[in-house]
Amino acid sequence: MAVYHRESFQNFRQLHHCTPSEKYLNFCKVLLSEVKDCDYIKALKVAKAQGLLKDVKGKGGAAKESEDKKGKGADGETLAVGEEDEILVNDDGDTGTCPVPSGGERGEPNTIELARDNTYAALTLITKLEEVILVAWVLSKGGPSRASARVEMCKGFIDKRQECKFILDFVQPSAAKWHTTRRANMLRDHSKEIRELHAKSDLLLTIFATLGVSAGQIFLATQVVGKYGLAFDALLAATVGSFFAFGFQALNHILMHSRVRSVALKKGLALVASSCSPLPWFSYYMADGHKRHHMNAGSETDIDRQALFWIWEGVPHKSLDNTLGSLLWVSLAALFLPVAYMYSLFYCFYHVPKNNMVEMAHFLTESATTLLTMMFTWRANPCLSSILYLVFSGAFSMGFLAHPYLGFWILQHLCVLNPLDPSSSQPTVSYYGSPAWNWLNFNILYHVEHHDFSKLPWHLAGTVRDLAPEYYDGLKHCDSIRGLVGFWLRAKGKKMDFCCEHLFGQDYVTRGS
């Protein structure tokens, strides 16, 4: 959850050379003012004042003694675990130590009461920015008379800017940090129950589900489609076919997070599922792009927004900014997503081949197996309907014609803004409506639970809420996919803020309509 003015910070990060100008000096001053005035810094100061007040009143000692009995502390102390602890590793880049802030009322995580380390880092950032402003001012006046001294000052200026960037990355709130804080608090209060849940396996269920949806889709495409008319084929693609196609995406997602140690088994199953659909789920998930999403969710380095979720943030032209235009846009995007993904990947590979080598290898492998599957389908049922069935099944699973599966893509990282305290905004949302619909989505609509503990067995994702209700009952959630999709279609302008990246300020959570 970004609380700072993101455009200013992006500009700040993009200044990679020494720019001794009045314009840059003024920019640094504005940046410092924004940092000092932002809600996050204010929250840190409030937290520090609250901690001092608590100590003065004599309440801090008993609380600390209680925490020490558990081996875990508040206000910046850590929950130490072994490096092999997969609960804390959790695909989020966590290491063997995880910060445990103190809880609020009823023991729920309090995003205002933050660790002392963050307070220090935030104040250090302000100091460093003041140093940058001073050096920028000197350079803007021409700098030292000697050229060597001027070069040396310029080098130091660049180093100080890099230090500011590093500290900014540390203190800036994000969805990933929000989930890390929640996970640490839940392990503090429900460690035994969560670890017991984590120890269970979903391997056999995942294998059967992968083989089942793959065989089912190919059976329909080769044995059923084309025999009962175009209307029947369209209905089949929009119902059973879309479920199978969504399953290919969901199972690639599940296998990417799976604790299966055999890479060959994991990637083999994922490739089988992805080969039955023109959508590139194997390369999207198995090339570690989604893992980077969990590590950087809600930050500028979260690639999921640039790769995919920009589609649902709004329509590309004001002429489409209406209900019918939104329907047209989301349908075209669902239909042509494979082409857009291929263009994006090849463009990035052309410009930065080294960074995209792994994903390109996955994509080429996936493309070859998908082509073989299409050829087999055509030979078994040589009619255009068999291929179109696979294509449109995938499109419906992406929300073609506002299919209910569109709800998954809109819902998972809606930003629920708290206008009174932006630093406590909610960057991830779960669906708690029909249990049947959750199962038809392979339980990944329990998205808060998934980001809290991404390696838990997928069929048990909903049970985390039962184990730690105090951490979920107070969160915003969705009860109606139909209401959510309808709201998205009618909304104008920017329709969503992925992971609270911009905190633009609309609440998209529906309430059982």
Side-chain angles (χ1 to χ4, degrees), residues 209-210 212-253 271-285 308 311-312 315 320 323-343 363 366-367 369-410 437 440-442 444 481-482 485 488-489:
T210 302
V213 297
S214 302
Q217 189 74 313
I218 296 303
F219 173 80
L220 292 178
T222 57
Q223 303 300 319
V224 179
V225 171
K227 293 185 167 66
Y228 302 100
L230 187 61
F232 177 83
D233 294 344
L235 180 62
L236 193 65
T239 53
V240 183
S242 63
F243 165 70
F244 287 149
F246 188 86
F248 301 145
Q249 177 273 134
L251 287 163
N252 268 266
H253 177 235
L271 188 58
V272 167
S274 192
S275 299
C276 300
S277 170
L279 296 167
W281 299 128
F282 178 73
S283 51
Y284 186 79
Y285 286 110
L308 185 61
I311 293 171
W312 300 288
V315 295
L320 298 173
T323 302
L324 186 60
S326 297
L327 179 64
L328 177 62
W329 163 245
V330 78
S331 298
L332 289 174
L335 197 57
F336 291 100
L337 180 66
V339 178
Y341 177 85
M342 184 170 64
Y343 170 79
F363 176 73
E366 177 182 31
S367 299
T369 56
T370 301
L371 181 61
L372 289 173
T373 303
M374 295 291 182
M375 291 173 61
F376 170 80
T377 303
W378 177 264
R379 287 177 64 94
N381 187 10
C383 66
L384 185 60
S385 295
S386 62
I387 304 300
L388 290 177
Y389 166 77
L390 295 177
V391 171
F392 278 93
S393 292
F396 279 119
S397 75
M398 295 297 298
F400 182 72
L401 296 180
H403 190 281
Y405 275 128
L406 175 61
F408 166 73
W409 302 104
I410 299 172
W437 186 245
L440 289 173
N441 283 262
F442 293 80
I444 52 178
I481 292 296
R482 178 173 59 84
V485 171
W488 186 91
L489 289 173

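One is the number of the first residue; the rest follow in order along the sequence.
- The backbone N or O of W312 sits less than 3.5 Å from a side-chain atom of W488, completing a donor-acceptor pair.
- The shortest non-hydrogen separation linking A238 to H403 is O-NE2, 2.7 Å.
- Checking Y285 against S274 by side-chain atom types alone, no donor-acceptor pair falls below 3.5 Å.
- Of the possible polar contacts, one joining the S397 side chain to the G394 backbone as a donor-acceptor pair under 3.5 Å is found.
- Taking CG of L271 as the reference point, atom OG1 of T373 lies at 8.5 Å (rounded to 0.5 Å).
- Between the side chain of N441 and the main chain of F408, no donor-acceptor pair closer than 3.5 Å is present.
- Contact annotation: the side chain of F232 never approaches that of K227 to less than 4.5 Å [non-hydrogen atoms, C-beta and beyond].
- Rounded to the nearest 0.5 angstrom, T239 OG1 and L440 CG are separated by 11.0 Å.
- Contact record, L489 with A402: CD1-CB, 3.9 Å, taken as the closest heavy-atom pair.
- In this structure, S331 contributes its side chain and L401 its backbone to a donor-acceptor pair below 3.5 Å.
- Within the model, atoms CH2 of W378 and CG of N381 stand 9.0 Å from one another, a figure rounded to the nearest 0.5 Å.
- Taken to the nearest 0.5 Å, the OG atom of S386 stands 12.0 Å off from the CG atom of L220.
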Determine, stepwise, if the pair Y389 / T377 fulfils side chain to side chain contact (heavy atoms under 4.5 Å, CB included). CA-CA 11 Å; Y389 166 77; T377 303; over 6 Å; no
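- With contacts defined as side-chain heavy-atom distances shorter than 4.5 Å, the pair S393/F244 does not qualify.
- A ring pair (Phe, Tyr, Trp, His ring centres under 6.0 Å) with F243 is found for exactly one of W437, F396, F442, namely F442.
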Under the side chain to side chain contact (heavy atoms under 4.5 Å, CB included) criterion, do V391 and L335 qualify, and how do the steps go? CA-CA 8 Å; V391 171; L335 197 57; 4.3 Å; yes
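- Pairing each heavy atom of I444 with each of A250, the nearest pair is CD1-CB, 4.0 Å.
- Put simply, the side chain of E366 gets close to the backbone of F282: a donor and an acceptor are under 3.5 Å apart.
- Of all heavy-atom pairs spanning Q217 and C276, the tightest one is CG-O, 4.4 Å.
- In this structure, the side chain of W281 does not engage the main chain of F246 through any donor-acceptor pair within 3.5 Å.
- Counting heavy atoms from C-beta on, the side chains of L308 and Y284 come closer than 4.5 Å.
- In this structure the side chain of F248 reaches within 4.5 angstrom of the side chain of S214, judged on heavy atoms.
- Considering only heavy atoms from C-beta on, P278 comes within 4.5 Å of M374 through its side chain.
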Check step by step if side chain to side chain contact (heavy atoms under 4.5 Å, CB included) holds for I311 and W409. CA-CA 10 Å; I311 293 171; W409 302 104; over 6 Å; no
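- Here the CD1 atom belonging to I218 is positioned 11.0 Å from the CD atom belonging to Q223, to the nearest 0.5 angstrom.
- Between the D233 side chain and the G226 main chain, a donor and an acceptor come within less than 3.5 Å of each other.
- Within the model, atoms CG of L337 and CG of L332 stand 12.0 Å from one another, a figure rounded to the nearest 0.5 Å.
- Annotation: side chain of Q249 is not in contact with side chain of L279 (no heavy-atom distance under 4.5 Å).
- Panel note: side chain T369, backbone S275; no donor-acceptor pair is recorded below 3.5 Å.
- When every heavy atom of T222 is checked against every heavy atom of A380, the shortest pair comes out as CG2-CB, 3.7 Å.
- Counting all heavy atoms, side chain and backbone alike, S385 lies closest to V225 at O-CG1, 3.4 Å.
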